[in-house]
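Chain A is the first sequence line, chain B the second, and so forth, proteins listed ahead of strands; every chain is numbered from 1. Treat the numbers as computed from the prediction; the structure is a model and nothing was measured.
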There are 2 protein chains.
Amino acid sequence: MAQIRDVARRAGVSPATVSRAFSDPAKLSKDTLARVLAAATDLKYKPSSLAQLFREKRTNTVLVMVPDIANVFFARVVSGIERGAVESKLNLVVSDTGDDMDIERVGIEMVQTYRADGLIQLGERPLNELLPNEEHAQIPFVQAISADPRGAYPTVGIDDRSSSAMMARHLIAQGHRRIGVIAGLQNRLVTQERLKGIKDAIADAGLDFDDTIVEYAPYSMGGGEQAAQRLLSRARHLTALFCMSDEIAIGAIRAAHDLGYDLPGDLSISGFDNIEFGKYCTPPLTTVMQPAEKIGEVAMALMSDMLTGQDMPVVHEMLPTELVIRSSVQNICGE
Amino acid sequence: MAQIRDVARRAGVSPATVSRAFSDPAKLSKDTLARVLAAATDLKYKPSSLAQLFREKRTNTVLVMVPDIANVFFARVVSGIERGAVESKLNLVVSDTGDDMDIERVGIEMVQTYRADGLIQLGERPLNELLPNEEHAQIPFVQAISADPRGAYPTVGIDDRSSSAMMARHLIAQGHRRIGVIAGLQNRLVTQERLKGIKDAIADAGLDFDDTIVEYAPYSMGGGEQAAQRLLSRARHLTALFCMSDEIAIGAIRAAHDLGYDLPGDLSISGFDNIEFGKYCTPPLTTVMQPAEKIGEVAMALMSDMLTGQDMPVVHEMLPTELVIRSSVQNICGE
DNA sequence: CCTTGCAATGAAACCGGTTGTATAGAATGC
DNA sequence: GCATTCTATACAACCGGTTTCATTGCAAGG
């Protein structure tokens with residue numbers, strides 16, 4: 001591959017001039033510029049990014065750590081981040097961490113060793129659990145989705161508590177009183193927040209929350225299926241199931257089907273996220289829309305701001321959610 | 001951040017010695033090594049990857065071009081590639097190209113400018129459509145999934161034709177004679193190959209292929225839904241629908257439901273890919289299992305071989321597929 | 001005792017760009 | 001017409017490691 005020297009020699013100028021021909025063409029005379037560009041095209045010259053990056057000590061690359069890229073919800077957020085990256089002319093490295101702390105630490109090391117300029121974390125593990133002391137202050141960091149919005153770094157997500165309450169209110173308004181909950185993993189912040197939202201709504205309606213009809217499950221279809229089996233065989237007279245993700249809900253639908261329930265007549269089921277498959281379920285899933293792509297875009301925009309050095313205040317963006325009403329939740333007021 | 005000079009000074013050695021302490025510790029005396037390592041830890045020294053990569057002129061990074069990362073099937077392949085990357089100690093950059101030639105060209109440029117060492121293409125666009133002349137000979141390139149297995153570069157995928165024939169034979173064996181086809185995009189190689197497979201099976205069974213009951217659609221749920229609507233309202237007496245992807249099949253199930261079909265009694269539907277959601281459909285989807293993760297792993301293994309400079313013959317791996325029988329296809333022999 | 005060989009280490013070149021500073025020539029001002 | 005300013009370009013340092021080659025010191029061999 002041709003180098004800057006080769007182009008310089010062919011155009012009869014110095015390497016510095018060739019460099020400027022690309023970075024600041026206005027500085028050159030029309031004549032020289034034309035000669036340099038011609039030489040560059042002739043030799044098919046492409047500047048080595050490696051050399052440029054080394055010189056400038058920035059990679060223009062952002063590392064995204066995703067707990068599971070095969071999860072459709074995360075994949076959509078990553079899509080949004082991608083869009084934002086293109087807009088900010090940044091590159092993207094996606095790392096599937098499998099929620100493993102050691103892999104996340106490797107990611108941090110990539111920033112420390114100049115392989116990436118910043119870090120977007122989609123998991124909920126805060127930076128200070130990964131890094132000792134104050135080292136993290138130097139790392140441009142944005143946390144998306146299930147972040148604690150009181151941390152020292154910017155976060156983007158939704159208001160889990162109120163969004164969850166919104167759905168719970170909907171279920172109550174449809175006449176449901178005994179609402180089983182299939183929550184996500186118990187130790188997760190999201191899970192706790194959404195649970196609080198449900199309790200809020202139930203308390204507001206003057207009802208009592210029955211915590212014996214809560215099951216915890218991994219955020220997956222298989223997890224939802226098993227948890228629903230457990231819950232449905234244990235608790236009687238449930239009229240609705242509040243699932244903390246669409247995948248959990250889809251698993252729950254399968255379980256209910258297999259146990260002989262006629263859906264949605266015998267049992268209403270609600271989800272959370274609004275993944276595309278929800279629309280194609282039988283019955284189509286009533287759920288809470290999370291603006292996944294938008295979350296990604298905003299996360300990237302925040303990162304871009306941090307990298308361009310503007311000393312921004314630490315913001316915690318909460319994007320609006322919406323109730324998506326389809327037919328998996330039925331009105332049982334008439335009964 | 002501390003540099004090699006700082007460590008050298010603190011340990012009372014030259015930078016060369018520090019460098020060797022990490023790359024080839026056996027070359028140093030026990031005493032010096034210990035001193036250097038101590039100094040490095042004290043100063044929290046991390047060598048700048050940027051400088052190392054620049055020196056070595058390789059990034060240890062592979063670029064993966066995906067037409068749509070939010071597509072679960074692709075996401076699974078990427079997962080497999082990730083696993084392979086970890087194993088080969090390579091980094092991964094994932095680019096969602098949206099099947100756009102210009103974005104793919106940018107990807108190629110990343111290799112040409114030393115930002116990535118090689119390229120894995122998940123789309124079906126061959127390299128020689130993207131690059132003029134013989135330039136592509138220099139680019140380590142592996143094409144996965146829907147590649148033409150006669151090209152000049154390695155490919156990994158399945159035998160689309162025979163896998164498709166396998167499913168078609170299954171439908172025929174279950175008594176189906178009028179089988180509608182919801183194919184993918186017409187101009188795609190995969191689509192054509194899978195269509196050939198269907199024709200093979202139909203011919204082998206001594207039947208005639210009716211190409212008026214074929215509809216083409218994008219490889220998506222929405223595409224499948226619309227195509228199924230068109231086909232079902234146009235063609236009468238179909239007993240089965242051969243869908244070229246699970247997403248298409250899921251869309252078709254929705255369409256058939258909405259048109260009042262009782263599934264699978266009135267109509268059998270088959271998919272292709274074996275994505276996780278297929279198991280949770282109503283009815284659960286009969287499909288062809290593609291080893292998505294495995295395809296990714298093999299693709300990365302081939303790439304790793306190419307990069308370690310072993311002059312391998314150009315291989316075209318065809319991984320085995322399997323029929324996954326669930327209940328969306330019914331036996332109608334008794335009728 | 002002198003030569004040879006090897007182990008341990010340092011000096012300096014190098015990777016391929018970018019950029020601050022110097023310089024030559026042209027244009028402008030009085 | 002000479003001093004001044006500006007424009008276009010070249011020179012050389014620099015980014016932070018790695019690696020080649022040279023050098024030193026010590027052990028082994030003749």
Output the rounded distance in Å from [atom1] ([X]) to [atom2] ([N]).
| X | N | atom1 | atom2 | value |
| --- | --- | --- | --- | --- |
| A/Ile4 | C/dT19 | CD1 | P | 11 Å |
| A/Asp6 | C/dG16 | CG | P | 10 Å |
| A/Arg58 | C/dT18 | CZ | C1' | 14 Å |
| B/Arg55 | C/dG17 | CZ | P | 15 Å |
| B/Gln52 | C/dG16 | CD | P | 17 Å |
| A/Leu50 | D/dG16 | CG | C1' | 13 Å |
| A/Glu56 | C/dT18 | CD | C1' | 7 Å |
| B/Tyr114 | C/dG17 | OH | P | 8 Å |

Under 4.0 Å between any heavy atoms, over every strand shown, what does B/Tyr45 touch: base, sugar-phosphate, or nothing? Just pick one. sugar-phosphate

Which of C/dG17, C/dC15, D/dT18 is nearest the side chain of B/Phe54? It is C/dC15

Identify the heavy atoms of [X] and [Y] that sit nearest to each other, and give their distance.
| X | Y | answer |
| --- | --- | --- |
| B/Phe54 | A/Ala51 | CE1-CB, 3.5 Å |
| A/Gln112 | A/Ile139 | CG-CD1, 4.1 Å |
| A/Val156 | A/Val142 | CG2-CG1, 4.2 Å |

Using a heavy-atom distance cut-off of less than 4.0 Å, which residues of residues 9-41 of chain B contact DNA chain D? B/Ala16, B/Ser19, B/Arg20

Please determine whether a side-chain nitrogen of the Lys or Arg among B/Asp100 and B/Arg125 lies less than 4.0 Å from a carboxylate oxygen of the Asp or Glu. no

Is the closest side-chain donor-acceptor distance between B/Arg115 and A/Thr59 under 3.5 Å? no

Is the side chain of B/Asp117 donor-acceptor paired with the backbone N or O of B/Asn60 at a distance under 3.5 Å, no angle test? yes

Is A/Gln3 close enough to C/dG17 that one of its side-chain N or O atoms is under 4.0 Å from OP1 or OP2 there? no

